[in-house]
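Contents: one structure, followed by commentary.
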Amino acid sequence: MTPADLAVAVLDAVSGAVEAGQLQVDVPAEAVIERPKSRDHGDYATNIALRLAKPAGRRPRDVAEVVAGYLRRRSGVAAVDVAGPGFLNITLENAAQGALVETIIAAGTSYGYTTALSGQKINLEFVSANPTGLLHLAHVRWAAVGDAMARLLAASGARVTTEYYFNDAGSQIDRFAASLYAVAQGEQVPADGYHGEYVIEVAQQVVADHPGVLDQPRAIALEVFQVHGIEQMFAQIRAGLDRFGVHFDVYFNERDLHRLGRIEETVVRLRTQGHVYEKDGAVWLRTTDFGDDKDRVIVRSDGRPTYFCADLAYYVDKRDRGFDRVVIILGADHHGYVPRMRALVRGLGEDPDQTLEIPIGQMVTARGGKMSKRAGNVLTLDDLIEAVGVDAGRYAMVRSSMDSAIDIDLDLWASRTSENPVFYVQYAHARIASLLRNAADLSIDSGDVTAADLSRLREEREGDLLAALGEFPRVVTAAAELRAPHRVARYLEELAGTYHRFYDDCRILPRGDEDPAPEMVPRLWLCEATRLVLANGLGLLGVSAPDRM
RNA sequence: GCGCCCGUAGCUCAGUGGAUAGAGCAGCUGCCUUCUAAGCAGUCGGUCGCAGGUUCGAGUCCUGCCGGGCGCGCCA
């Protein structure tokens with residue numbers, strides 16, 4: 001019996017009481033089932049009586065007694081106690097608990113997947129770094145978090161498209177081209193230009209690919225450096241993300257918005273809706289009508305649209321492509337962008353609470369390891385991969401809440417010790433894989449899971465492990481709904497610990513020439529179920545689940 | 001000045017209004033001739049920044065204050 005099954009049972013009990021006239025209350029849509037921290041409080045607990053007491057006009061403990069009476073009749077439920085202010089503490093029968101293993105084995109790699117978000121078509125944009133530099137730590141964080149989020153949303157039934165917005169037009173690009181040109185000519189990079197060794201490398205490559213470029217007039221040379229410099233930067237960025245295991249469904253070029261007239265269309269649409277005015281030769285959007293703290297320029301006095309204007313057109317384009325939710329992960333250094341974007345959505349006559357979501361992630365720093373000089377004084381994606389590897393890099397980025405600024409200790413994440421959380425989790429997986437190999441070497445046949453006597457799983461540590469495994473689908477759903485992949489990582493760390501404690505307490509394979517214990521087969525299935533959950537969870541984070549370490 | 005985020009054990013951080021606030025690391029004490037000790041057990045450690053409020057119940061929600069991070073451009 002899973003917590004979800006139990007929630008249904010609890011609601012059925014409430015319905016039964018209502019139908020029998022013992023309770024006058026609307027049956028709620030959901031019941032909260034939680035795992036009590038203390039084993040004395042049963043396998044599961046629900047606060048349903050506390051929630052129903054007020055609408056029912058009864059004391060919480062009275063409601064609890066009534067519901068408990070019905071719940072006790074449910075098969076699989078061994079005991080129901082009313083405790084404290086009115087909690088129901090529920091103990092399951094061993095067989096009902098053990099049956100979870102069968103559920104997990106049957107679901108296999110899709111255990112944890114739900115339909116919680118089915119019907120939602122979500123566009124998830126992240127990273128979107130300008131092709132004027134290498135990806136640094138903050139970009140890496142959004143890459144890891146965004147990719148995990150995409151996997152979580154998909155696992156919860158949403159249709160997800162991941163997208164990287166590629167700014168290949170505008171003043172930053174011009175500055176980048178000017179920097180390349182200056183370097184190629186052996187001149188000083190302009191003060192507002194780009195620095196770092198990578199600028200020199202790119203400039204040299206452009207010159208190598210286009211030998212006559214420096215003999216061309218300045219305007220033409222700048223164009224060459226711009227087009228091919230961006231091309232190279234973008235190739236490097238994509239290659240790096242590839243190595244990191246992050247693959248976008250769509251790489252969207254800002255240029256296409258210009259080329260296809262989408263920006264013009266958007267300005268016209270906003271003008272028609274009366275949210276636009278002219279001042280000082282520029283075109284302004286009256287975002288203050290919709291909660292922004294100042295109005296925003298969308299077309300500059302020289303006639304060029306602002307980046308913000310392109311962003312508006314991009315949002316409209318996503319909506320036109322049929323996405324009912326536009327999610328954009330941004331760093332805290334861009335959070336000022338949120339109110340104006342929301343204001344725009346209102347200006348278009350849509351409700352930003354329904355269609356737009358901008359999770360803001362706090363900044364990342366790193367210490368330890370050796371710092372790279374290649375990009376100036378910042379740590380790049382490649383530096384991180386070199387320092388700690390892909391698995392540890394991704395895990396380090398994804399295990400903390402986006403709301404927390406993090407400081408990555410490179411020495412810790414590079415270490416192959418228990419200090420390193422990713423090894424702790426991966427080790428549990430490898431340990432199980434090793435155990436299952438040994439079982440195979442001993443020619444042990446576990447048969448079919450449906451034939452195993454799973455009611456034999458009645459040790460306390462077995463119960464703890466079963467309960468932890470039962471939590472997984474809810475953890476995945478919550479992580480998806482709250483856009484909080486770190487919850488999966490924390491859960492896996494707990495699950496790994498619960499497994500290690502089980503392993504320490506419960507012998508599985510026979511020693512020496514002992515005969516196999518009757519618990520052996522059910523325990524082997526319990527191990528396999530745990531291995532599946534660890535592998536599924538790590539998979540959602542984009543981290544490998546090794547069979548050997 | 002205004003806005004967003006953070007403040008929880010010595011350190012790094014979990015904790016979608018529920019019971020006695022947790023984990024890892026660091027410190028101390030134990031456990032390997034048999035399934036991976038990259039593990040486990042025990043122990044030490046807290047006015048959940050401060051003060052009010054809402055609630056049967058607040059680390060969690062509201063208000064104010066203190067401290068830190070990040071923003072507030074016809075840059076992104």
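So that the names make sense, note that chain A is the first sequence line, chain B the second, and so on, each numbered from 1.
Nucleic acid contact for A:Leu435: base, since at least one base atom lies under 4.0 Å from a heavy atom of the residue. At the heavy-atom level, A:Arg296 lies nowhere under 4.0 Å from the strands shown. Residue A:Ser415 is classed as having no contact, given no heavy-atom separation below 4.0 Å to the nucleic acid. The residue A:Ala45 sits close to a base: some heavy atom pair falls under 4.0 Å. Within the nucleic acid shown, A:Ser404 comes within 4.0 Å of sugar-phosphate atoms alone, with no base atom in reach, counting heavy atoms only. Note on A:Arg304: nothing from the nucleic acid sits closer than 4.0 angstrom, heavy atoms only. Residue contacts for A:Leu50: at a heavy-atom cut-off of 4.0 Å it reaches a base atom on one of the strands shown.
Helical stems of RNA chain B (runs of at least 3 Watson-Crick or G-U pairs, donor-acceptor distances under 3.5 Å) are listed by first residue: B:1-7 with B:66-72, B:10-13 with B:22-25, B:27-31 with B:39-43, B:49-53 with B:61-65.
Interface remark: the A:Arg511 side chain does form a donor-acceptor pair with the B:U34 base, using a distance-only criterion of under 3.5 Å. Side-chain atoms of A:Ser301 come within donor-acceptor range of the base of B:C74, with a qualifying N/O pair under 3.5 Å. Counting distance only, with no hydrogens placed and no angle test, the side-chain atoms of A:Asn89 and the base atoms of B:A19 include a donor-acceptor pair under 3.5 Å. Between the side chain of A:Asn47 and the base of B:G18, a donor-acceptor pair under 3.5 Å is found.
By the stacking rule of 5.5 Å between ring centres and under 30° between planes, A:His41 stacks on the base of B:A19. By the stacking rule of 5.5 Å between ring centres and under 30° between planes, A:Tyr424 does not stack on the base of B:G24.
Residues A:Arg523 and A:Glu462 are in side-chain contact: their nearest non-hydrogen atoms beyond the backbone lie under 4.5 Å apart.
Map A:Ala83 and A:Asp280 each onto its nearest nucleotide of RNA chain B; the residue landing nearer the 5' end is A:Ala83. Each of A:Glu493 and A:Leu482 was matched to the nucleotide of RNA chain B holding its nearest heavy atom; the match closer to the 5' end belongs to A:Leu482.
For A:Asp333, whose side chain is taken as the heavy atoms from C-beta onward, the closest listed nucleotide among B:G18, B:C35, B:C70 is B:C70. Checked against B:C40, B:A14, B:U55, the side chain of A:Asp504 finds its nearest nucleotide in B:C40.
To the nearest whole angstrom, the two C1' atoms, one in B:A26 and one in B:U33, are 33 Å apart. Using atom P as the reference point in both B:U54 and B:U63, the two lie 15 Å apart (nearest Å). B:C32 and B:A19 have their C1' atoms separated by 39 Å, given to the nearest Å. Rounded to the nearest Å, the gap between the C1' atom of B:U8 and that of B:G24 is 15 Å. Across the P atoms, B:G3 and B:G64 are found 9 Å apart, a figure rounded to whole Å. Rounded to a whole angstrom, the distance from the C1' atom of B:C62 to that of B:U55 is 12 Å. Rounded to whole Å, the separation between the C1' atoms of B:U60 and B:A21 comes to 11 Å.
For the pair A:Thr306 and B:G73, the criterion of a side-chain N or O lying under 4.0 Å from OP1 or OP2 is not met.
Using a cutoff of 4.0 Å between basic side-chain nitrogens and carboxylate oxygens, A:Asp62 and A:Arg59 are scored as salt-bridged. By the 4.0 Å N-to-carboxylate-O rule, A:Lys318 lies close enough to A:Glu125 to be salt-bridged with it.
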Quick one: side chains of residues 472-481 of chain A, donor-acceptor pairs under 3.5 Å with protein atoms, not counting sequence neighbours, listed by atom name and distance.
from     : atom 1 : to       : atom 2 : distance (Å)
A:Arg474 : NH1    : A:Ile33  : O      : 2.5
A:Arg474 : NH2    : A:Ile33  : O      : 2.9
A:Arg474 : NH2    : A:Glu471 : OE1    : 3.0
A:Arg474 : NH2    : A:Glu471 : OE2    : 3.0
A:Thr477 : OG1    : A:Pro473 : O      : 2.9

